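Here the structure comes first, spelled out in C-alpha cells, and everything after it is commentary.
Note on naming: letters A, B, ... go to the chains in the order of the sequence lines (proteins, then strands), and numbering restarts at 1 for each one. What you are looking at is a predicted structure, and each value in this text was computed from that prediction instead of being measured.
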Amino acid sequence: MQLYDQQTLKVTNSLTGKKEVFKPIKDGYVGMYVCGPTVYSNVHLGNCRTFMSFDMIFRYLKHLGFKVRYVRNITDAGHLENDADEGEDKIAKKAKLEQIEPMEVVQRYTVDFHETLQKFNLLPPSIEPTATGHIIEQIEIIKSILEKGFAYEVNGSVYFDVVKFNATNDYGKLSGRKLEDMIANTRELTAQDDKRNPQDFALWKKAEPQHIMRWPSPWGDGFPGWHLECTAMSTKYLGETFDIHGGGMDLKFPHHECEIAQAEACNNTSPVNYWLHANMLTLNGKKMSKSTDNNIYPSEIFNGNNTILSKAFSPSVVRFFMMQAHYTSILDLSDEALLASEKGYQKLMEAIKNLESLPTAQNTTNFNVEAWKQECYDAMNDDFNTPILIAKLFDAVKRINLIKDGKETISEADKKKLTNLVASFTFDVLGLEEQQATEGSSNALDGVVNLLINLRNEARANKDFATSDKIRDELLAMGIQLKDGKDGTTFSIN
RNA sequence: GGCAUCGUGGCCGAGCGGCUAGGCAGAGCUCUGCAAAAGCUUGUACAACGGUUCGAAUCCGUUCGAUGCCUCCA
C-alpha cells in the first residue's frame, strides 16, 4: 500500500480553472513536463521561483510514492525575440553580441542555471532534453501537421494555421481567449509578413544566409519555432497524452496554447490532463523581467551585493520565503519579507535541532502526533499548500519548545514518529536544508571566542561585571553575539 | 482597448459561506548580576458601497485601486 492510496491529492488545473482530484493515467506513475529556461542569460530569481515550485511538486509526488518521470527542457535554439519575420533567435543574438559561438552561450548559461538551482537544493529532473538535440523529432511533427492540413509553407518557413485549426478545435481554451476577439483586437501592422494571419505562429523559420544557427529540412535550411520543441520532447519522453504540464504563468499564452494546438493537430488528442501554472515573483510590485531590468540575480542575494537588500540571505532562507506563499499566488520580494522569513526559518531549524535531545516520558500530553500528521498531509493534498504545511510545522515547534521547557511531555514512540515526520516534510518535501555551521568561522576563531567566553564567565563569577560586559559588548560590535543559555554560552557570527 | 487575476491586522502571507492559519514586528511575562539570545502569553483584519443568506473576508453586482497576458519573458 502506497501513500498515494491513502492521501487524496487535488491540484488546480488551469485548463478547467478548478481544483481536481489528481489521478494519473497509469496507476502509480506520473509523467510531468515543465518548460525550462532559454539559456541566453543568467537565471534571475523569478525564474528560480517557478522551478522551485515544481521541484516541490516533484518532491511531494515522489514522497507519496509515485514513480515520477520529470522532464524539464533546456531551450537552446528557436526562441525568437518576436514572431515577426525579422525576429532574431535569442541565442544567436547573444552570440553575435559577445562574438562567441552560440553553443558557447548555451554552455555558459546552462552551467549557471544548474549551479544556481543546486544552491537552492533543487533535485535534477529525470530527463533534461535540449531543443537542438531534437531537431529531427521537430521536423517530423511539422511534416505531420502539414499532412493534416493545419500548416502551410511560405518561402522556406512553415506556419501553423490557427484559423483553420480553430474551425475544428478550440484555440484559446487554456488561456480563456476567443480567436474572434483576438482577430478583432489585432492592429493592422507591418505588411511584409509571410503569415496568413497574425495569430499564426512559426513551426519552422527559414534561415537567412547570415544566420549561424541552421539545420537542413524539407523546406530548406532553417531552425524550429519556439513552441515546437516542447511538443516534440514531451511527446517523445512522456507520450501523446501525459499527466502534468507545468510552467510559469507568463507562458500560458501563447506558448502553452500553441503547444496544445500543435499536439492536437498532430495527434488528434489533448496532450495534457493537468496544466499547472506557477505564479510570478515580483520586485517593487512588478513582475521580474529580463527585458525591463526589474530583476535580481540569486548571486546578488547570496552575497548581499545589491541595492534593495540590507544583507545577504542564504539559499535556504530564500527557499523558505518562497514556500511560505502558495505557488499560484503572486509573491513580492522585499528586504522586510526576507528578514521575517529568516527569523522564522531559524526558529524552525532550532526546534528541529532541539528535537533530537528532547526528554521522553511515559505518555504524550496535549499533542496528537497522528492527527497532526494528517493535517500536514491535508495541507499538501490541497494543491500543494506549503504555507499551511509550514504553519503546521510551527505548531510542532511550539510543542517541541514546551516539552523542552518541561511543560509538556512526549513518549519515546511519538518522539520518534515526530522526528521522522518533521524531517521528511521539512527536508524531503519542502527541500529546505539545515543551516551550515557558522559560516566564515574557523577552528582558530572558535577557539578564540571560546577563550573569551571563559574569561567572561570567570569575571562574572568574580562579580567583575565591568570586564564581563566589556567582553560581551565589544564582541557584539564585531558581529559576534554571545548567547547565554542554561547549558552554557554559545555564540553566532553574523 | 480586449481578456484575466488580485486587493486580508504595522509588514509578509493562508483561508474562499458559520468553527475566524502561520511567520515577522509590537506588548507583557519567564530566564539573567543587568542585558542579549531563547521560551511562553497576547492580536477579531479582510478596499468601498449595495445585494443574496438565519449567517459573508468568503457568493452576486457596482465603484475605486493594483498586477498579469494580448510582442519576448519562469
Pairwise [atom1] distance for [N] and [M], with rounding to whole Å:
N: G33(B); M: C11(B); atom1: C1'; value: 36 Å
N: A25(B); M: C31(B); atom1: C1'; value: 22 Å
N: U63(B); M: U20(B); atom1: P; value: 35 Å
N: A48(B); M: U58(B); atom1: P; value: 10 Å
N: G7(B); M: G13(B); atom1: P; value: 11 Å
N: A45(B); M: C72(B); atom1: P; value: 46 Å
N: G23(B); M: A74(B); atom1: P; value: 35 Å
N: G43(B); M: G28(B); atom1: C1'; value: 13 Å

With a non-hydrogen cut-off below 4.0 angstrom, is [X] in contact with a base, only sugar-phosphate, or nothing?
X: Gly485(A); result: nothing
X: Lys286(A); result: sugar-phosphate
X: Lys178(A); result: nothing
X: Ala278(A); result: nothing
X: Arg177(A); result: base
X: His255(A); result: nothing
X: Leu348(A); result: nothing
X: Met288(A); result: base
X: Lys398(A); result: sugar-phosphate

Any strand is fair game: report the nucleotide pairing with [N] by Watson-Crick or G-U wobble, both distances under 3.5 Å, or none.
N: G55(B); answer: none
N: G2(B); answer: C69(B)
N: A21(B); answer: none
N: G33(B); answer: none
N: A47(B); answer: U63(B)

Is there a donor-acceptor pair under 3.5 Å between the side chain of Ser424(A) and the backbone N or O of Leu421(A)?
yes

Backbone N or O of Leu15(A) within a donor-acceptor pair of the Asn13(A) side chain at under 3.5 Å?
yes

Output the single nucleotide from [options] whose closest atom is nearest the side chain of [X].
X: Gln324(A); options: A74(B), G22(B), A36(B); result: G22(B)
X: Ile330(A); options: U67(B), A74(B), C40(B); result: U67(B)
X: Asp250(A); options: C69(B), G22(B), G33(B); result: C69(B)
X: Leu251(A); options: A21(B), G33(B), A74(B); result: A74(B)
X: His326(A); options: A14(B), G13(B), G23(B); result: A14(B)
X: Gln481(A); options: G23(B), A37(B), A74(B); result: A37(B)
X: Ser468(A); options: A21(B), G33(B), A35(B); result: G33(B)
X: Asp469(A); options: C12(B), A74(B), C34(B); result: C34(B)
X: Arg472(A); options: C12(B), G33(B), G23(B); result: G33(B)
X: Arg456(A); options: G15(B), A74(B), C34(B); result: C34(B)

Do we see Phe465(A) stacking on the base of G33(B), given a limit of 5.5 Å between centres and 30° between planes?
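Taking the rule of under 5.5 Å and under 30°, the ring of Phe465(A) does stack on G33(B).
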
Give me the ring orientation class for [X] and [Y]: parallel if the planes are under 30° apart, tilted from 30 to 60°, perpendicular past 60°.
X: Tyr171(A); Y: Phe165(A); value: perpendicular
X: Phe367(A); Y: Trp372(A); value: perpendicular
X: Tyr327(A); Y: Phe384(A); value: perpendicular
X: Phe223(A); Y: His211(A); value: parallel
X: His256(A); Y: His245(A); value: perpendicular

Indicate the atoms forming the closest heavy-atom contact of His114(A) with Ile74(A), along with that distance.
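Taking His114(A) first and Ile74(A) second, the nearest heavy atoms are NE2-CD1, 4.5 Å.
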
Can you check whether Lys347(A) has a side-chain N or O nearer than 4.0 Å to OP1 or OP2 of C24(B)?
yes

Contact under 4.0 Å: Ser329(A) side-chain N or O vs A14(B) OP1/OP2:
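For A14(B), OP1/OP2 do have a side-chain N/O of Ser329(A) under 4.0 Å.
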
Tested for side-chain contact (heavy atoms from CB on, under 4.5 Å) against Asn197(A), the lone hit among Val162(A), Leu179(A), Val163(A) is Val163(A)

Rounded to the nearest angstrom, tell me the gap between atom [atom1] in [X] and atom [atom2] in [N].
X: His256(A); N: C72(B); atom1: NE2; atom2: P; result: 13 Å
X: Leu393(A); N: G13(B); atom1: CG; atom2: P; result: 19 Å
X: Lys287(A); N: U71(B); atom1: NZ; atom2: C1'; result: 12 Å
X: Lys343(A); N: A25(B); atom1: NZ; atom2: P; result: 4 Å
X: Leu276(A); N: A74(B); atom1: CG; atom2: P; result: 18 Å
X: Ile57(A); N: A74(B); atom1: CD1; atom2: P; result: 18 Å
X: His277(A); N: A4(B); atom1: NE2; atom2: C1'; result: 13 Å
X: Leu333(A); N: U67(B); atom1: CG; atom2: P; result: 17 Å

Let me spell it out: for each of Pro254(A) and Val397(A), pick the nucleotide of RNA chain B with the closest heavy atom. Which residue's pick is nearer the 5' end?
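Per heavy-atom nearest nucleotide, the more 5' residue is Val397(A).
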
If you assign each of Glu336(A) and Leu339(A) to its closest nucleotide in RNA chain B, which residue comes earlier from the 5' end?
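Upstream on the strand: Glu336(A).
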
Between Arg177(A) and Phe253(A), is NZ or CZ placed under 6.0 angstrom from the six-membered ring centre and within 45° of the ring axis?
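Judged by the rule (NZ or CZ under 6.0 Å from the ring centre, within 45° of its axis), Arg177(A) counts as positioned above Phe253(A).
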
Quick one: does Asn401(A) reach the base of A38(B) with a side-chain donor-acceptor pair under 3.5 Å?
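Between A38(B) and Asn401(A), which were checked side chain against base, a qualifying N/O pair under 3.5 Å is absent.
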
Does any donor-acceptor pair link the side chain of Asn385(A) with the base of G22(B) at a separation under 3.5 Å?
no

